[in-house]
Amino acid sequence: MKKIKVQFVLFLCITLLLSCGNNTNNQPAPGNVDSTLQAEANAPVTDHVNEKQAKEDSGLVGEPLPAENVFTIQNGKIITNQKMITPLYQPDSISAEVPYSTERVFSQDRSLQYQVALYNYEDVIDEETGLFRVIKIRREGKELLKLKQADGWDTIPRIFAKGGSNSFLTIHLDPKLSVLLFVSHNYPSGPGDVTMVALNENEAKMVYNQEMYFTECTNNVNGFEGHLVSWYIAYLDNGKPDMEGLPSKYRIWPENGLLKIQYLGETWKEFETY
């Protein structure tokens, strides 16, 4: 009986010793405790600081949304996305059309040629805002599209790469599909319209029209990319931006033969108006 008790006591002692040894092995070495905690603390703080700084530099508030197609092509036809288009502001009365300029536009492969005829109205021809108020697009003598608006379109801003027309920008999406980009006059009370027309074979359609102004734009051998802002920034009496009514900022660019647009967030950063 005493032999059994001794064996049992020895078994308990061995079990306790093994258990203590395992717990000791799972602990970090005394010299490594501080460095381990410091490494864990540093990584998220650094990432957070970088992310915050990037947000401050961009002047954006909120999260971006997935990019959308401005329009699509189905069975060779231009399909518009109606939420991209607000109606053009129509004139109360229409006087005689006076030619402003006529220009030729070619597809990227130069197999298609269009005539872009621009006009103003006789009774507003001397106004400082809006150089032309009528756009007519023809191909082989047939009128494909006619647009008109009261406020009028202006010359392409200086932020666009030079070369080509001063009245619109041509963006080639594939060998035969192109987009013409027109900008309106920006008033102190708010921006004018940014208007885009897609050209595809014997079709010409307005695919985009919104009250926007460009803050950035590139159009060179590397392609086109622009940033648009929906309105001007309002300021409080203390000189700080009114964070309750910030304008929206968008990015627009070609991708896979179509034109993409993405909401980036609201912006409190001041931009020059073009």
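What you find for Asp123 and Ser95 is that their closest heavy atoms are OD1-OG, 2.8 Å. Between Pro254 and Leu259, the closest heavy-atom pair is N-CD1, 3.9 Å. Scanning both residues, Val70 and Asn81, for their nearest heavy atoms gives O-CB, 3.3 Å. In terms of heavy atoms, Tyr114 sits closest to Glu201 at OH-O, 2.6 Å. Taking each heavy atom of Ser178 and His172 in turn, the nearest pair found is OG-ND1, 2.9 Å. Across all non-hydrogen atoms, the minimal contact from Asp193 to Glu211 is OD1-CG, 3.5 Å.
Note on Leu65: it clusters hydrophobically with Tyr208, by side-chain heavy-atom contacts below 4.5 Å among ILVMFWY residues. At a threshold of 4.5 Å between side-chain heavy atoms, the hydrophobic network of Ile, Leu, Val, Met, Phe, Trp and Tyr places Trp253 and Leu60 in two separate groups. Both Leu169 and Leu258 are assigned to one and the same hydrophobic cluster, defined by single-linkage of ILVMFWY side chains at heavy-atom distances under 4.5 Å.
Listed by chain and residue number, Glu97 satisfy the salt bridge (Lys or Arg N to Asp or Glu O under 4.0 Å) test with Lys146 (two or more places apart in sequence, or in another chain).
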Query raised in the report: Step by step, would you call Trp153 with Ser167 a side chain to side chain donor-acceptor pair (under 3.5 Å)?
Result: CA-CA 8 Å; Trp153 293 275; Ser167 302; over 6 Å; no

Query - Residues Leu147, Val197; criterion side chain to side chain contact (heavy atoms under 4.5 Å, CB included); working and verdict - result: CA-CA 10 Å; Leu147 300 176; Val197 174; 3.8 Å; yes

Query raised in the report: Are Leu118 and Val134 close enough, and set up right, to give a side chain to side chain contact (heavy atoms under 4.5 Å, CB included), and what steps lead you there?
Result: CA-CA 6 Å; Leu118 310 173; Val134 180; over 6 Å; no

Query raised in the report: Are Asn166 and Thr155 close enough, and set up right, to give a side chain to side chain donor-acceptor pair (under 3.5 Å), and what steps lead you there?
Result: CA-CA 5 Å; Asn166 290 324; Thr155 54; over 6 Å; no

Requested in this report: Kindly indicate, with the supporting measurements, whether the criterion side chain to side chain donor-acceptor pair (under 3.5 Å) is fulfilled by Ser111 and Asp109.
Outcome: CA-CA 5 Å; Ser111 66; Asp109 64 5; 2.7 Å; yes

Requested in this report: Show your working on side chain to side chain donor-acceptor pair (under 3.5 Å) between Gln149 and Ser184 and close with a plain yes or no.
Outcome: CA-CA 10 Å; Gln149 69 154 325; Ser184 300; 3.0 Å; yes

Query raised in the report: So Leu131 and Tyr100, side chain to side chain contact (heavy atoms under 4.5 Å, CB included) or not? Walk me through it.
Result: CA-CA 8 Å; Leu131 296 177; Tyr100 173 72; 3.5 Å; yes

Requested in this report: Please test Glu203 against Lys77 for salt bridge (Lys or Arg N to Asp or Glu O under 4.0 Å), starting from the C-alpha separation and ending with a verdict.
Outcome: CA-CA 8 Å; Glu203 268 194 304; Lys77 299 295 183 182; 5.0 Å; no

Requested in this report: Under the side chain to side chain contact (heavy atoms under 4.5 Å, CB included) rule, what do Ser101 and Phe132 come out as? Steps first, then yes or no, please.
Outcome: CA-CA 9 Å; Ser101 70; Phe132 54 97; over 6 Å; no

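Of the possible polar contacts, one joining the Arg133 side chain to the Ala150 backbone as a donor-acceptor pair under 3.5 Å is found. Within the 3.5 Å criterion, the main-chain N or O of Ser248 finds a donor-acceptor partner in the side chain of Ser230.
With contacts defined as side-chain heavy-atom distances shorter than 4.5 Å, the pair Tyr213/Thr215 qualifies. Inter-residue side-chain proximity for Leu173 and Val179 is flagged as met; some heavy-atom pair is nearer than 4.5 Å. No side-chain heavy atom of Met84 sits less than 4.5 Å from a side-chain heavy atom of Asn69.
Salt-bridge annotation for Lys260 and Glu68: absent, with no side-chain N of the basic residue lying under 4.0 Å from a carboxylate O of the acidic one.
Residues Lys205 and Thr80 have side chains that never bring a donor and an acceptor to within less than 3.5 angstrom of each other. Glu216 and His227 share a donor-acceptor pair across their side chains, judged by distance under 3.5 Å alone.
Here the NZ-CD distance, from Lys83 to Gln210, works out to 10.5 Å after rounding to the nearest 0.5 Å. Atom CD1 of Ile135 is separated from atom OG1 of Thr195 by 6.5 Å, given to the nearest 0.5 angstrom. Within the model, atoms OG1 of Thr170 and CD of Glu103 stand 8.5 Å from one another, a figure rounded to the nearest 0.5 Å. How far CD of Gln115 is from CD of Glu140: 12.0 Å, rounded to the nearest 0.5 Å. Here the CG-NZ distance, from Leu228 to Lys249, works out to 10.0 Å after rounding to the nearest 0.5 Å. The CG atom of Leu88 sits 6.0 Å away from the CD atom of Gln90 when rounded to the nearest 0.5 Å.
More than 12 heavy atoms of other residues, nucleotides or ligands sit less than 6.0 Å from atom CZ of Phe106.
Tested against Ser107, the residues Asp174, Leu177, Asn200, Leu112 include a single side chain to side chain contact (heavy atoms under 4.5 Å, CB included) partner, Leu112.
Stacking of Lys136 on the aromatic ring of Tyr119 is recorded, both the 6.0 Å distance cut-off and the 45° axial limit being met.
Aromatic ring pairs are classed by plane angle as parallel below 30°, tilted from 30° to 60° and perpendicular above 60°; the pair Phe182 and Phe168 is tilted.
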